[in-house]
S.K.: 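Please see the structure below; I have some questions.
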Amino acid sequence: KKRERWELENFPEGEVKEMVDIYEQRGMSRSDAEVVVTTLAKYEEIFLDAMMRDELGMEPPGNEGDHWKSGAICFSSFVVCGSVPLI
């Protein structure tokens, strides 16, 4: 995230253009992508998180607790649903 923050601070136009290109490749019209990215860019932390997800394919740091919760729910579901045929 530090690298993306540095790029945004030093090359904001380039980062905005990259994000517009990404959304356009996903099927959004260029004008809509520009509106979305320009709006996101007004909120630095939200924009950085979007860059992490969409540009790098990484989840922003700080969501570690969610993985443990998801794992516990998945395991519990497996145990409950997996034991049904045994009953």
S.K.: Salt bridge (charged side-chain N to carboxylate O under 4.0 Å, His left out) with E18: which residues, sequence neighbours excluded?
M.R.: none
S.K.: With a cut-off of 3.5 Å and sequence neighbours excluded, list every side-chain donor-acceptor pair involving residues 33-41.
M.R.:
| unit_1 | atom_1 | unit_2 | atom_2 | d |
| --- | --- | --- | --- | --- |
| T38 | OG1 | E34 | O | 2.5 |
| T39 | OG1 | V35 | O | 2.8 |

S.K.: Let me check something: any side-chain donor-acceptor pairs from residues 76-87 under 3.5 Å, sequence neighbours excluded? List them with distances.
M.R.:
| unit_1 | atom_1 | unit_2 | atom_2 | d |
| --- | --- | --- | --- | --- |
| S76 | OG | A72 | O | 2.9 |
| S77 | OG | I73 | O | 3.0 |
| S83 | OG | V79 | O | 3.1 |
| S83 | OG | V80 | O | 2.9 |

S.K.: Kindly indicate, with the supporting measurements, whether the criterion side chain to side chain contact (heavy atoms under 4.5 Å, CB included) is fulfilled by V16 and E13.
M.R.: CA-CA 5 Å; V16 167; E13 298 85 13; 5.8 Å; no
S.K.: Could you tell me if the side chain of R30 sits less than 4.5 Å from the side chain of D21, heavy atoms only?
M.R.: yes
S.K.: Sequence neighbours excluded, which residues qualify as salt bridge (charged side-chain N to carboxylate O under 4.0 Å, His left out) partners of D32?
M.R.: none
